[in-house]
Amino acid sequence: IGEQNDQGSYTPTAYLYGVAIYASAPIVVAETAMCGNSNTVPEDGSAHGGGVYGSSTTLDLLNVLIAGNYVVSTNAGSRGGGVAFASGTLAMTNCTVVNNGPEGLWVGASGARSVMNSIFWGNGDDLVNLPANGLGVLTNVWYCDIEDGDNLGVQGCISVDPLFADSVYYHLQSRQGNYVGGYFSGGGWNSSLEDSPCIDAGDPDSDWEQEP
């Protein structure tokens, strides 16, 4: 994103939001991989959402992989390498947010947020600014594997190596068989030496009938 001057050199704009997706109207994003995006601005600018940015809208992320996205800026106000959601209603279900920086998920101060059955691993800071009760429990985060230990032992959350089968598609290892060679289709099956602790660790009331 930026402008090209008469000499043909690249001049980035001062404020950049959402490289893969910029959500300003209600949207559902399902079975989508957003990987390897970076949001870089000059020293006096700010960047938000290396992968996804949303504001004043409703954003549903369902079965989404957000991996290896970054915001690069010396401005301390730059947020959310993976996801930056400023305001509105955000729901993340069955998502894998991995190896983003400097944060996996950052949210603004207003709106409703729900995070369920998701993995946050290898991010600079996994979950930032989500509302918590007086005991420090993130009130709207359930059944997630969070490296930082947020909600550890509370609301079904754990903090243990998810044992990914690879660092491209980020499927989970399983001795019974795990998916390989594709994000959501076109791959095959392989057996691993271990079982990921995330298998069958989600909300027991979640719909599992579409699992292969």
Side-chain angles (χ1 to χ4, degrees), residues 16-23 29 32-41 46-54 59-86 90-109 113-132 136-173 183 196-198 201-202:
L16 298 180
Y17 299 87
V19 178
I21 291 178
Y22 180 105
V29 181
T32 301
M34 290 167 278
C35 306
N37 300 286
S38 63
N39 204 342
T40 304
V41 296
S46 62
H48 303 275
V52 182
Y53 176 81
L59 173 62
D60 291 325
L61 300 176
L62 177 63
N63 297 331
V64 168
L65 171 65
I66 301 170
N69 303 286
Y70 292 87
V71 292
V72 182
S73 172
T74 58
N75 187 330
S78 298
R79 311 310 297 258
V83 179
F85 192 79
L90 170 68
M92 297 181 64
T93 308
N94 301 339
C95 294
T96 299
V97 183
V98 58
N99 295 336
N100 302 281
E103 300 154 342
L105 167 64
W106 173 89
V107 300
R113 294 82 168 84
S114 172
V115 184
M116 172 81 73
N117 298 346
S118 296
I119 299 172
F120 293 85
W121 207 263
N123 307 291
D125 194 347
D126 291 315
L127 302 173
V128 180
N129 211 33
L130 273 77
V137 175
L138 303 181
T139 53
N140 46 15
V141 177
W142 301 273
Y143 295 95
C144 291
D145 186 11
I146 307 167
E147 184 178 19
D148 288 349
D150 299 310
N151 280 14
L152 179 60
V154 179
Q155 296 173 180
C157 293
I158 59 177
S159 181
V160 60
D161 188 344
L163 295 180
F164 294 117
D166 61 74
S167 58
V168 176
Y169 308 109
Y170 293 98
H171 297 297
L172 301 176
Q173 294 187 36
Y183 290 107
S196 166
C198 296

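Scope of the values below: all heavy atoms of this structure, side chains included, with no hydrogens, waters or symmetry mates.
Although no hydrogens or angles enter the test, the distance criterion places no donor-acceptor pair under 3.5 Å between the side chain of R113 and the main chain of M92. Judged purely by atom type and a 3.5 angstrom limit, N100 has no side-chain atom pairing as donor or acceptor with the backbone of N123. Within the 3.5 Å criterion, the main-chain N or O of F164 finds a donor-acceptor partner in the side chain of Q173. A donor-acceptor pair under 3.5 Å is formed between the side chain of N129 and the backbone N or O of V107. In this structure, the side chain of S118 engages the main chain of C95 through a donor-acceptor pair within 3.5 Å. S196 places a side-chain N or O within 3.5 Å of a backbone atom of P162 that can act as its donor or acceptor partner.
Side-chain contact between V97 and L105 is absent, with no heavy-atom pair separated by less than 4.5 Å. With contacts defined as side-chain heavy-atom distances shorter than 4.5 Å, the pair V98/L65 qualifies. By the 4.5 Å heavy-atom criterion applied to side chains, F120 and E147 are not counted as neighbours. Residues Y53 and I21 fail the side-chain proximity criterion, which asks for heavy atoms closer than 4.5 Å. With a 4.5 Å cut-off on side-chain heavy atoms, Y183 and V168 count as touching.
Residues N117 and C144 share a closest heavy-atom pair of N-SG, 3.9 Å. Closest approach of A132 to T139, counting heavy atoms only: C-CG2, 4.1 Å. When every heavy atom of V71 is checked against every heavy atom of G49, the shortest pair comes out as CG1-N, 3.7 Å. Nearest heavy atom pair, residue V64 against residue M34, reads CG1-CE, 3.3 Å. Between P197 and A201, the shortest heavy-atom distance links the atoms O-CB, 3.4 Å. Across W121 and D126, no two heavy atoms sit closer than the pair N-OD1, 3.8 Å.
Separating the OG1 atom in T93 from the CH2 atom in W142 is a distance of 9.5 Å, to the nearest 0.5 Å. Distance check: L172 CG to T96 OG1 gives 6.5 Å after rounding to the nearest 0.5 Å. The line from CD1 of I158 to SG of C198 is 4.5 Å long, rounded to the nearest 0.5 Å. Here the OG-CG distance, from S38 to N69, works out to 8.5 Å after rounding to the nearest 0.5 Å. For the atom pair L138 CG and C157 SG, the distance stands at 8.0 Å (nearest 0.5 Å).
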Exercise for review: Could you walk me through whether L61 and I66 pass side chain to side chain contact (heavy atoms under 4.5 Å, CB included), step by step?
Suggested key: CA-CA 10 Å; L61 300 176; I66 301 170; 4.2 Å; yes
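For residues 148-171, the pairs satisfying side-chain hydrogen bond (donor to acceptor under 3.5 Å, both in side chains) are N99-Y170, with sequence neighbours left out.
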